[in-house]
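The next block holds one structure in the form of C-alpha cells; read it before the comments.
Residue numbering restarts at 1 for every chain, and letters A, B, ... go by the order of the sequence lines.
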Amino acid sequence: MNKILLIIQREYLSRVKKKSFILMTLLTPVIIAAFYGIMIYFSLQGATSTFHKVAVVNNNSALTEKLKSGKNISYTYFSTSLQDVKKNYLKEGFDYILYLPEFTLDAPKGIQLMGDKQASLALNSKVANDLEETLRTQQLKASGIAQQDLDRLSTSVDIDTMKIGQNGKEEDSSAGATTIIGSAAGILMFMFILLYGIQVMRGVIEEKTSRIIEVMISSVKPFQLMMGKIIGIALVGLTQFILWIILTTAISTVAVQFFTGKDKAAQTMQSASTLDNKDTEKAGQAITDSQQTKKAKIQDKLSESGPVAYVQKSLAHLDLTKIILVFIFFFLGGYLFYSALYAAIGSAVDSETETQQFVMPVMMPLFVGYALSLSVISNDPYGPIAFWLSMIPFTSPIAMMVRLPYGVPDWQLGLSMVLLIIGFVGTVWFASKIYRVGILMYGKKTSLKEMIKWFTYKN
Amino acid sequence: MLSVHNIVKQYASHRALNDVSLEVAQGQIFGLLGPNGAGKTSLIRIITQITAPDSGEVIFNGQRLNSDHIAQIGYLPEERGLYKKMEIGEQVLYLAKLKGLSTAEATKRVKYWFEKLEMGSWWNKKVEDLSKGMQQKVQFVATVLHQPELIILDEPFSGFDPVNADVIKNEILELNRQGATFIFSTHRMESVEELCDSIALIHQSKKILDGKVADIKEEYRNNTYWLEYDGSLSSEGHETLYQVIKKEEIRNKIRMKIQLQPNVTANQLLYYLLPLVNIHRLDEVIATMNDIFIEKVKPSQN
C-alpha cells in the first residue's frame with residue numbers, strides 16, 4: 001500500500017510541476033471568463049444600441065396614422081418636400097429619411113429609407129415592422145376598433161418553463177440553460193476522459209521505452225504500478241478541474257462585480273450596518289435577507305439586458321453543487337474505466353505510433369456516446385436511448401452529465417453509478433492481466449489475438 | 001543462500017527455461033553465462049520476481065521466494081532505464097523508497113554514494129542531460145543503495161570507459177567483502193575469470209555446466225603444454241610420452257604444442273628431454289573461460 005502511495009505521489013508531482021500544466025490551469029479560466037465577459041459586454045451593448053433619428057416624408061394621403069417612436073428610434077414628420085428634407089436632414093441631426101410615396105394601403109410599394117450611410121439590416125426590418133404595425137392599426141381603426149382595444153391586444157407573451165418536482169412542488173427550470181449546462185458538462189467530461197486517459201497511455205509507454213519498467217517491476221507489483229499511475233493522474237485531473245472551478249468563479253465574480261459594482265457596494269454597506277445593531281443569529285438572517293434582495297435587484301437590473309439575464313436566472317435554479325459533485329464522480333468513474341484500457345494499450349506497444357489500431361476501438365464508444373448525447377439526449381432526455389446510454393458504463397459518464405440538468409430520478413443515478421463502478425473494476429481487472437505481460441514484451445508487434453493469449457498467462 | 005530448483009518457464013511456443021537448477025552460496029560472486037537467448041534473462045526475472053516460473057521453486061535464505069525478499073535483492077537490468085525528465089537525486093530516492101527505505105535513511109545513503117562516486121554535483125540534473133556512462137553510474141547506485149544481500153547485475157560494465165569500469169569493479173569487490181552475494185550475467189569472459197567464484201552456463205534453455213571456476217578449469221585441463229627448445233629432437237620414439245599438436249620454428253628455437261599421454265607427468269617429460277635439448281620454456285596450456293564457453297556452446301549450435 002505504501003508503495004502505491006509513493007507511485008501516486010511521483011506521478012502526481014511530476015505532472016503538476018510541469019509548466020504546461022500550470023499554464024493550462026491558469027489560462028483556461030481566464031479564457032472562460034473572457035468569453036463570459038465578452039458575452040455580457042455585447043448583450044449590454046445591444047441593450048443600449050445606437051439611437052436612430054428618422055425624418056419621415058409622407059406623400060401618401062391615405063396613410064394618416066403616424067409611426068410611433070420607440071426605445072431606439074424616433075420618427076419626426078416633415079411637411080416640406082423630399083428635396084428640402086434631403087438638403088437639411090443631416091444638419092438637423094437626422095440619420096435617415098423615410099420616404100412614403102402614394103400607394104394603396106393593401107399593396108404598399110416604393111417606400112424608401114435613405115441616408116448618407118447604408119441602413120443596417122436590423123434597422124431596415126425595425127422600420128418595416130413599425131410601418132406594418134402602423135398600417136394595421138390604421139386599417140383596424142378604419143373597421144371601427146377603438147384605440148384602447150388595440151392597446152389591450154398588444155400583450156407580449158413570455159413562457160416560463162416549470163418542472164414539477166417529486167414532492168409535487170413546481171420548480172423553476174429553463175430548457176435553454178439546461179441544454180447549455182448539460183452539453184458543456186458532457187463536452188468537458190469527454191475532453192477530460194480522453195485527455196487524461198491518453199496521459200496514462202503515454203506514461204506507460206514512457207516507462208516501457210525508457211526501460212525503467214524492469215527496475216520498477218523488481219520493486220513493485222505490476223498492478224501497484226498501474227494503479228499508482230492511474231490514480232496519480234486522476235488526482236492531476238481533479239486538481240485541474242477544481243482549480244478551474246475556483247478560478248472561474250473568482251474571475252466571474254470580479255467581472256460581475258465590475259458590472260453591478262455600485263449596487264453591490266451599497267448592499268454591503270447596508271448589511272454591515274445591520275450587523276452592528278443585531279445579535280449574531282439575527283444578523284445571519286439579515287445577511288441572507290439582504291443577499292436575497294441584492295440578488296433580486298441584480299436580476300432586475302440584468303433582466304433588461306436579455307440573454308445574459310436569461311442564462312443567469314436559469315443558472316440560479318439549477319443545483320450546481322449537485323452537478324459538480326456528480327461530475328466529479330462520473331469523471332473519476334469514467335476515467336478509471338477508460339484509463340485502465342489505455343494502460344493496457346500502452347503496455348502492449350513499443351511506441352506511440354503503434355497505438356492507433358488499439359486506440360480506435362476504445363475511443364469509438366466514447367465518441368458515439370458524445371455524439372448521441374448532444375443530439376438525441378438533448379431532444380429527449382427521458383427517452384429509452386437516453387436511459388440506456390446513461391446506464392452503460394462506456395457512455396454513461398457523458399450521457400448522464402447531459403441528462404442531469406434536466407433532472408434524473410435518483411434510482412437511475414444510483415444504478416448508473418453502481419454499473420460504472422462494476423464497469424471500472426472489470427476494466428481494471430482485465431487491463432492488469434494484459435499489462436503485467438505487455439510491459440515486459442519488447443520488439444514484438446502485438447496483435448489483438450496475442451493480447452488475448454496473454455490474458456491466460458500465469459503471472 | 002539462493003537455490004533454484006527445477007525451474008520451467010514456458011512462453012507461448014517457446015520454452016525459455018527447461019528444468020534449470022543451481023546453487024549460489026553466501027558471499028559468492030556467481031557468473032551466469034550463456035549465449036544470447038539462452039534463458040538467462042528469464043531466470044533473472046524469476047529470481048527478481050518480475051515473473052513467476054511455471055514449475056519449480058526458488059529458495060532464498062531457506063525460505064521460498066516471496067515479496068518480503070524484494071527489499072533484499074538489487075537488480076541492474078541489461079536494458080538500463082531511468083525516468084528521463086526526473087532529477088537524479090529525486091529519482092534515486094524514489095527507487096530507494098520503493099525498496100522500503102525511509103526518506104531520511106534513503107537521503108543519507110544517496111548522499112554517501114554520490115559523494116563516493118563523485119556524483120555530488122548531479123543531484124539536480126535531469127537524466128536526459130547525462131551521458132550514457134553517467135546514467136549507468138546512477139543506475140548502479142540505485143541498485144545497491146538499499147544494501148541488498150543479493151545483487152544481480154546484468155552486463156554491469158557495458159557503457160563504461162575503462163576508468164569507470166574499474167571504479168565499479170572495485171565497488172563490487174568491496175560490497176562483496178562486506179558480505180553481499182552477486183549474480184553476474186555477462187558475455188565478457190575476462191571479467192568472469194577476474195571476478196567470479198562459481199558459474200553456471202545456460203544454453204538452449206538448459207543448464208549445461210556449473211561449478212567453481214577453478215574446478216571447471218581443472219576439469220578442462222587436458223595435459224597440453226607449450227615447449228620451447230633448441231637442439232635436435234628426433235621426431236620418433238616419444239609416442240609413449242606425448243603427441244605433437246603444433247610445431248613451429250621461431251628464429252633458432254622450436255616451439256611445440258604437445259599433449260602428454262594420460263598418466264605422464266611434466267617431470268617425466270623433463271627427465272626425457274634434459275639430455276637431448278636445451279629447454280627454454282615448458283608451461284601448461286590452461287583453458288580460458290572463453291575457450292570453455294566456445295567449446296560447450298559451439299557444437300550444438302551447428
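Between A/M216 and B/L95 there is a side-chain heavy-atom pair separated by less than 4.5 Å. Between B/R45 and A/E214 the shortest side-chain heavy-atom distance falls below 4.5 Å. B/M86 places a side-chain heavy atom less than 4.5 Å from the side chain of A/R10.
The pair A/E207-B/K85 does not meet the salt-bridge criterion, since no charged nitrogen lies less than 4.0 angstrom from a carboxylate oxygen.
Residues of residues 63-73 of chain B having a heavy atom under 4.5 Å from any heavy atom of chain A, listed by number: B/S67, B/I70. The stretch residues 97-124 of chain B places B/K97, B/L98, B/K99 near chain A, each with some heavy atom under 4.5 Å from a heavy atom of that chain.
Heavy-atom distances place the side chain of A/K17, and not its backbone, under 4.5 Å from chain B. For B/Q91, the part lying near chain A is the side chain, with the backbone staying farther off; criterion is any non-hydrogen pair under 4.5 Å.
Taking A/I212, A/T209, A/I7 one by one and counting their heavy-atom pairs under 4.5 Å with chain B, the maximum is reached by A/I212.
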For the pair A/Q9 and B/Y94, evaluate side-chain contact (heavy atoms from CB on, under 4.5 Å) and give the outcome as yes or no after the intermediate values.
CA-CA 10 Å; A/Q9 194 186 21; B/Y94 174 60; over 6 Å; no
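The distance from atom CD of B/E87 to atom OG of A/S14, rounded to the nearest 0.5 Å, is 11.5 Å.
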